[in-house]
Enquirer: 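Quick one: the structure is below, questions incoming.
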Amino acid sequence: MSANQTVDFPMNSSLSSVRTTDKEKSDTQGPYKATSSIAQIQLVNSHLEVYDPSDDSFVLVDALLADRARLIEHQPKICLEVGCGSGYVITSLALMLQEEAPRIHYFATDINLHAVATTRGTLEAHGVHAEVVATDIASGLQRRLAGLVDVIVVNPPYVPTPEEEVACEGITASWAGGENGRRVIDRILPVADELLSERGWLYMVILAENNPLEICRRMGEKGYGSKIVLQRSTQEERLQVIKFWREGAAAGLPREGSRGGSSTSESWLSHFPLFSFLRKGENGG
Amino acid sequence: MRLLTHNMLACNVKGVVNGYPLRLEAEVVAERPADFNADFLRHIFARIDWKAFVGAARSLPEEHAVADLPEDAEPSMLASEDFLRRFHHALLELHVEKGALVCPETGRRFAIDKGIPNMLLNEDEV
Ligand SMILES: C[S@@+](CC[C@H](N)C(=O)[O-])C[C@H]1O[C@@H](n2cnc3c(N)ncnc32)[C@H](O)[C@@H]1O
């Protein structure tokens, strides 16, 4: 969750948030406007005890940007971020969709009280709104909001650490993931499953050390397809963004999203079937 | 915190059975216009606990209290633009900035500060 030099692979590096103009030139957004904004770093609020936007935050926003046209077509009604930290990701999501999908309702949660306050400041600085709740994952919201959330985004605490660090307060909670970095991730997955609507999508940042294959297998058992939509190596981490969708519901995969031309195949380069090969040859996605 | 969120929140303390709806004690309320979207209102209507919603809307401090919502609502009302407008206003345009949510079973208070409800629990509550 640190380091500053990043190498995208296997895609080229045209998806960096700091260089969105490169991205905007690529023709992967279908009929939608090529330009879209994301949160501006100088407007993102910060606090000593709150996780600042970092490589993992950028990789998630870049994955969402790359999927922007599909998100717009998906027409989500409610989107949620779990673990919103500085608010960089949820603000970026709201900004990148606000023009073509202006009526989405956003929710954001964090277990850190400083983080929720910081997120609110960041949202306000960009003129967008999300309902922010201080809670453990989605505790208190989970039951009544079940089945209503169309898109969930999460950049969880994924760093393998001693178990004791997981329940720590403040900034430690932003990275401490316990054994294999899976302690919080494994608690988020069933909650996401409960919250997601029939056509729900989940985007999650994870590390190679978190055993993504096993995560996808587990979600597969609950009926989800999954793909790595973006991979990026920093000096110390191999980050991946995995997208999960309910099998049988449209995931905006190549067949449906195909727009022809070479640019299309380029954009699909980022979609590597991760779990599908484990299934018996059929992939309903 | 919008009344939409209030409608979705329940007491999350371990062992509590009747933790819904949370009683709203709003001290500071702000009104901010939101895009009117009839589709969303029709979609969410089925999932709104109307009694809890009307109760919360009426409980707001005087200048913001909503008196023009029917005690009971049924899907046929969604055909009325007038009804939708009132539903929209109460659900999405009123923001509780400061106050508390109180569990009907235990009296446990959850503070709302800067518009953010704090549902974090103490160790002995999880
Ligand atoms: C890696 S940081 C990501 C912050 C921000 N989303 C970003 O991408 O920059 C993880 C965030 O998850 C929060 N978090 C950790 N455990 C949580 C839990 N059980 N429930 C909700 N949020 C949690 C942390 O407080 C932290 O803000």
Side-chain angles (χ1 to χ4, degrees), chain A residues 45 75-80 84 87 94 98-99 101-124 127-150 167 169-170 173 187 191 195 197-199, chain B residues 1-14 16-22 30 32-49 52-53 88 91-98 101 103 108 110-123 125-126:
Chain A
N45 288 18
Q75 300 191 344
K77 292 188 173 73
I78 294 182
C79 298
L80 162 74
C84 51
Q98 76 173 351
E99 211 147 305
R103 287 151 169 185
I104 301 173
H105 292 279
Y106 296 92
F107 288 81
T109 70
D110 203 291
I111 202 170
N112 174 348
L113 276 176
H114 301 300
V116 287
T118 305
T119 289
R120 170 160 185 180
T122 298
L123 287 159
E124 270 177 5
V128 290
H129 180 79
E131 287 289 288
V132 185
V133 179
T135 194
D136 178 9
I137 305 181
S139 177
L141 276 172
Q142 196 169 333
R143 205 163 34 106
R144 299 258 315 134
L145 211 54
L148 280 176
V149 184
D150 300 307
E169 297 212 332
R187 287 178 52 232
V191 177
L195 290 172
S197 68
E198 276 308 303
R199 38 190 224 103
Chain B
M1 186 199 72
R2 288 170 160 161
L3 294 193
L4 168 64
T5 304
H6 166 263
N7 209 263
M8 296 298 156
L9 281 173
C11 179
N12 51 352
V13 172
K14 190 179 166 196
V16 170
V17 186
N18 298 307
Y20 186 89
L22 296 168
R32 291 185 213 109
D35 276 354
F36 179 76
N37 179 359
D39 283 346
F40 177 76
L41 296 171
R42 293 195 186 100
H43 169 75
I44 203 74
F45 176 80
R47 294 295 298 272
I48 292 293
D49 183 311
F53 176 57
H88 166 78
L91 189 72
L92 301 171
E93 295 189 321
L94 299 172
H95 297 255
V96 179
E97 296 295 330
K98 194 168 173 45
L101 298 164
C103 172
R108 162 71 149 95
F110 300 92
I112 304 167
D113 192 24
K114 299 202 180 79
I116 304 171
N118 179 355
M119 304 303 293
L120 295 172
L121 301 174
N122 304 321
E123 251 168 60
E125 294 175 316
V126 288

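Lettering follows sequence order; numbering is per chain, from 1.
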Enquirer: Shorter than 4.5 Å, heavy atoms on both sides: which option in B/I44, B/N118, B/D113 has the most such pairs with chain A?
Expert: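 Option with the greatest count: B/N118.
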Enquirer: Calculate, to the nearest 0.5 Å, the distance between atoms NE2 and OG belonging to B/H43 and A/S197 respectively.
Expert: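 B/H43 NE2 to A/S197 OG: 7.5 Å, rounded to 0.5 Å.
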Enquirer: What option among A/V132, A/T109, A/D136 has the most heavy-atom pairs under 4.5 Å with chain B?
Expert: A/V132
Enquirer: Measuring heavy-atom distances to chain A, does B/L92 have an atom under 4.5 Å in its side chain, in its backbone, in both, or in neither?
Expert: side chain
Enquirer: Can you name the nearest heavy-atom pair linking B/F36 to A/R103, along with the distance?
Expert: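 What the structure gives for the nearest pair is O-NH2, 3.4 Å.
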Enquirer: If you measure from CD on A/E131 to CZ on B/R2, what distance do you get to the nearest 0.5 Å?
Expert: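 Nearest 0.5 Å value for the CD-CZ distance: 5.5 Å.
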Enquirer: Can you tell me which portion of B/I112 sits under 4.5 Å from chain A's heavy atoms? Options are side chain, backbone, both or neither.
Expert: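 No part of B/I112 comes within 4.5 Å of chain A.
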Enquirer: With chain B as the partner, which of A/I78, A/L145, A/L141 has the greatest number of non-hydrogen pairs under 4.5 Å?
Expert: A/L141
Enquirer: Would you confirm whether B/R47, through its side chain, and A/L148, through its main-chain N or O, come within 3.5 Å as a donor-acceptor pair?
Expert: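 Answer holds: no.
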Enquirer: Is the shortest distance from a Lys or Arg side-chain nitrogen in A/E124 or B/K114 to a carboxylate oxygen in the other one below 4.0 Å?
Expert: no
Enquirer: Using non-hydrogen atoms and a 4.5 Å limit, figure out which bit of B/L101 sits close to chain A: side chain, backbone, both or neither.
Expert: neither
Enquirer: Of all the heavy-atom pairs spanning B/I116 and A/V116, show the shortest one and how long it is.
Expert: CD1-O, 3.4 Å
Enquirer: Please verify the inter-ring angle class for A/H129 with B/H95; under 30° counts as parallel, over 60° as perpendicular, anything in between as tilted.
Expert: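 Rings of A/H129 and B/H95: perpendicular, over 60°.
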Enquirer: Test side-chain contact (heavy atoms from CB on, under 4.5 Å) on B/N12 and A/T135 and set out the steps.
Expert: CA-CA 10 Å; B/N12 51 352; A/T135 194; 4.0 Å; yes
Enquirer: What residue, out of B/D35, B/L4, B/N7, B/L121, has the most heavy-atom pairs lying under 4.5 Å from chain A?
Expert: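 Greatest number of close heavy-atom pairs with chain A: B/N7.
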Enquirer: Please give me the minimum heavy-atom distance between B/D49 and A/R144, naming the atom from each residue.
Expert: N-NH2, 3.2 Å
Enquirer: Checking A/R143 against B/M8 for the side-chain contact (heavy atoms from CB on, under 4.5 Å) test, could you report, in this order, the C-alpha distance in whole Å, the side-chain angles of both residues, the deciding distance, and whether it holds?
Expert: CA-CA 8 Å; A/R143 205 163 34 106; B/M8 296 298 156; over 6 Å; no
Enquirer: Is the number of heavy atoms from other residues, nucleotides or ligands under 6.0 Å of A/E169 CD greater than 12?
Expert: no
